[in-house]
Amino acid sequence: MSHLDELESQSIYLLREAYHNFEKPGMLWSMGKDSNVLIWLAKKAFCGHVPFPIVHVDTTYEFPEMLEFRTWAREHYGLDLIVWINEEARARGIGYETTDPVTVTHELKSVALQQVLGAHKFDALITGIRRDEDSTRAKERYFSPRNAEFEWDYKDQPPEFWNHFTTDVGPGEHVRVQPLLDWTEIDIWRYLERENVPLPGMYFSRNGRRYRSLGCWPITKDIASNATTINDIVEELKVTRTSERAGRAQDHHERNAMQKLRAKGFM
Amino acid sequence: MSSLSAKPTPSGATDASARPPAAVANDIRTSAPAASGTHSAPVAADHLYLVVVGHVDHGKSTLIGRLLFDTNSVAEGKTERIQAACKAEGMEFEYAFLMDALLEEQAQNITMDTTRVPFCTPRRAFTIIDAPGHKEFLKNMITGAASADAAILIVDAHEGLREQTRRHGYLLSLLGLKQVVVAVNKMDLVNYDEKVFDRIRAELTEFLGKLNVRPAHFVPIAAKFGHGLLRADGQTPWYRGPALLEALEQFRSTPPIEGAPLRFTVQDIYRFDARRIVAGLVETGHIAVGDPIEFHPGGKRSKVKSIETWPVPGTPAPGPVVAGRSVAITLEDELFVERGQIGAAPNATPSEAREFTARVFWLHAEPLRVGDTLPLRLGTQQADARLVAVSRVLDAVTLDTSSAPANEVKRHEVAELRLRVRRPIAFDAGGKIPALGRFVLMRGRRIAGGGVIDAALIEEDAQSENLPVTTAARASLLGHRGAVIWLTGLSGAGKSTLSTALEQRLFRAGVLPVVLDGDVLRAGLCQGLGFSPEDRKENIRRAAESALLLAEAGAVVITALISPFREDRQLVASRCKARNIPFAEIFVNAPLSECERRDPKQLYQRARAGQIPKFTGIDSPYEAPLAPTLELRTDLESVSQSLDKLTALALTMARPPEPGVAAGADI
């Protein structure tokens, strides 16, 4: 069995545990490469079905091409899609034009997530985060509890071993289920290639530039690249020493910005 | 090839999906999707999960940081940023900071939680699991080490073996990690002295040998300077073995167990359409269409009708699904299969039992106590398990065992014990199939401990219809045996208080208790009996016979009677002995003056006034026990002190006899 087979089987196991153990799971989807792998794995885990709602937290700063992909993929996969916008914050004028990126990320992503979770009473959120993305994510559990205030108690995480996880939640609490934790960026690309998973076109080079990681358009930078195929991308990643999220401004706004964002509920 | 139009979707492919917009990239790859397992690049094929353990401050994070640095696995700019931060704070540059992500960790200079970091050498891919050494963080170490293929045990050459060196060594053995390399670090502090290295090697070899852990190599290193990590660099010319990374490259990612029979853990049953799809994980063996399969517990048998796949049904067609794969199958027969069951090869099925012996490590702040009932999870099975007995608690540092059976297992202790589950579960004991021989115990919402099943305790054929209901059978049902705890003492000494409190304690510990109170008996069963010596004797006889009946039915009987005469109490003791019921005489002792002062029912007052004739202690004698099992001075010690002694004694008496050992009535 190859390493990709191992990762795939482990992720499917985790998805099935989440579906069994929680009353109302939901899966987050950003239309990015990782969350498309997540949907693909759900289809495999549940024999062609996605038996829970898919949530897209729409910051209103989405690339138009990504929204086009969203419309297409929703129909293609037959998704029960919930699109959520923090209208209240937008009405207050929160936006990249006026506010620093950490605050905007918190308001339009974390707070929006809190709103959609409350509105739909989700007790589990399945996310596509990976340990190799960021050093705080490296410390995550597959099933990671969040309290009613959305906080991550990284100082006292529950034990997790032998395929046994935290599956009980108290009132208002939820568990982040993270089936892709063990995948690396290269694993994701190799799997997308092997399985022929549909992807947004923005990941591939046009006029010598492409996006390595996709977020809000005002704070996401493309990179110089001639990679037009997944093979090209994998070759590029083998030699790069730049981190994947280097083009995501909110991570680098201040020292330990990511830790602060994540402790308050960011993915 | 357009993959989209070829893929069936459950909702039905629409026109939109047949002609994706430009935003959807799906045709840029030229090759068709490869059959699974044939397309992975060499780097990904043999991926090694590596845990680093050892005593706090022996250099785990520094070693990992240095390995990342020396293999060019650190993101651009990160080293420079940390160098600048260290300089600003007037600190020496620490390689450990490359690992420690959280603010607190950098501030306190310790790693707080398990971290996983991938790195590559030209020969293979690794994921390092950094498990912290602080004692209170043992849960993180277990969380990390439980999923590792191999371990680096790091020892400070200057400090030598310390508590956690040994404790972690023990846990590696309990977790079944066989591939271990020992890194003897900080060799610079001992001038790269061969004698120091040899001494540590000898000491650790002996310790680990007792645990059946045999390190592949002992490697002298100085992680801070990178000595001994990548290749021999002349600092230790006397050392002939591989450098640390070379040693690691020789390890294999844990292969599936060769030749093991099928074990298919059922996670769920899906009914998306008319069919029942059984979803789960192939732990060992393999599964193919047409294979016979038997589900345990229960033993219902069928054959595999289909293996469900997506996006293309019926693929991969040829060849069985191998160990480690998540799979979904349908069966030829309409069986009631449910989550928790294990699908097995009919000629090699797992054990089914309700009671077993196990080795357990405990992580929860609240101890695991005899009588505790906790949810046990094994595979996807869950059942309430009760701790029947602790055979011994093992000191993971010295490997000394306490010879006396204990009543609890404290945090960070390791113990051999007996557990009993409410209903039979299926498992493979003795390490034959590790995944199905290990379990966790839950306390609240948390995993509180983990364990490995050593042996099933096979009950005498409990299913047989002709089986007489013996005392042993009752003990097996209840999980404890009956006993008589006879409290004797003056009126007001504290018998009723202690008996009621003991009843509550035992009940909470999962034991069935009954109190026989003198006043209650006199109002019913012994109605009409007076206080003459003959009537008192008859009163005790009836109480004793009632206690015997209840104890034989399995209850732990607590009597609260003055029972003033030695001869009467001796008669009760001999009746119990003859019927093989454990008996203890408890002298609840307070001086007459104290009892009279307490006088909770104003009986002494009335006796002194001549209203109650023949009152024990006033005008009728009390014969104190000559050799009580336990004497409780209720005038000198608190209720809870007395109660602790009494509870410990009662639990020991109620502990079921070891299987095959004749029950002894004497305590």
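Quick note on labels: first sequence line is chain A, next is B, and so on, each numbered from 1.
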Practice prompt. Identify which part of B:Ile269 has an atom lying under 4.5 Å from any heavy atom of chain A, answering side chain, backbone, both or neither.
Written response: neither
Worksheet item: What part of B:Arg446 lies closer than 4.5 angstrom to a heavy atom of chain A: side chain, backbone, both or neither?
Response: side chain
Worksheet item: What part of B:Leu363 is in contact with chain A, defined as an atom under 4.5 angstrom from a non-hydrogen atom: side chain, backbone, both or neither?
Response: side chain
Worksheet entry | Proximal component of B:Val327, with respect to chain A [non-hydrogen, under 4.5 Å] | backbone
Worksheet item: What do you reckon, is CG of B:Asp273 surrounded by more than 12 foreign heavy atoms closer than 6.0 Å?
Response: yes
Item to complete: Report yes if some heavy atom in the side chain of A:Ser225 is under 4.5 Å from a heavy atom in the side chain of A:Phe204; otherwise report no.
Response: no
Practice prompt. Verify whether the ring centers belonging to A:Trp189 and A:Trp183 lie closer than 6.0 Å.
Written response: no
Discussion item. For the interface with chain B, which of A:Gln10, A:Glu160, A:Met66, A:Arg16 has the highest count of heavy-atom pairs at distances below 4.5 Å?
Written reply: A:Arg16
Worksheet item: Between A:Lys44, A:Glu17, A:Met202, which shows the greatest number of heavy-atom pairs under 4.5 Å with chain B?
Response: A:Glu17
Practice prompt. Without swapping roles, check the side chain of B:Ser306 against the backbone of B:Glu308 for a donor-acceptor pair under 3.5 Å.
Written response: no
Item to complete: Give, as side chain, backbone, both or neither, the part of A:Phe143 having an atom under 4.5 angstrom from any heavy atom of chain B.
Response: neither
Worksheet item: Can you check whether B:Phe119 and B:Phe126 have ring centres sitting under 6.0 Å from each other?
Response: yes
Discussion item. As an exercise: rank A:Val169, A:Leu7, A:Leu181 by heavy-atom pairs under 4.5 Å with chain B and give me the winner.
Written reply: A:Val169
Discussion item. Need one label for B:Tyr49: side chain, backbone, both or neither, based on atoms under 4.5 Å from any heavy atom in chain A.
Written reply: side chain
Worksheet item: Of the backbone (N, CA, C, O) and the side chain (C-beta and beyond), which part of A:Ala73 lies under 4.5 Å from a heavy atom of chain B, both, or neither?
Response: neither
Fill in: Most chain A-contacting option - heavy-atom pairs closer than 4.5 Å, from B:Ala448, B:Gly379, B:Ser147
B:Gly379
Response to the item:
When the 4.5 angstrom heavy-atom criterion is applied to A:Glu173 and chain B, the contacting part is side chain
Worksheet item: B:Thr380 and B:Thr265: side-chain donor and acceptor closer than 3.5 Å?
Response: no
Worksheet item: Looking at A:Tyr191, A:Tyr19, A:Tyr203, which has the largest count of heavy-atom pairs under 4.5 Å with chain B?
Response: A:Tyr19
Fill in: salt bridge (charged side-chain N to carboxylate O under 4.0 Å, His left out) assessment of A:Glu236 paired with A:Arg210
CA-CA 12 Å; A:Glu236 190 181 281; A:Arg210 71 175 195 92; 3.0 Å; yes
Fill in: Pair A:Phe46 and A:Phe52, ring centroids less than 6.0 Å apart
yes
Discussion item. If only side-chain N and O atoms count, and only distance matters, is there a donor-acceptor pair under 3.5 Å linking A:Glu62 with A:Trp217?
Written reply: no
Discussion item. Could you check whether A:Asn147 and A:Trp152, counting side-chain N and O atoms only, form a donor-acceptor pair closer than 3.5 Å?
Written reply: no
Response to the item:
Okay, A:Pro64 and chain B: the region with an atom under 4.5 Å from a heavy atom over there is neither
Practice prompt. Against chain B, label A:Asp232 side chain, backbone, both or neither, depending on which of its atoms sit under 4.5 Å from a heavy atom there.
Written response: neither
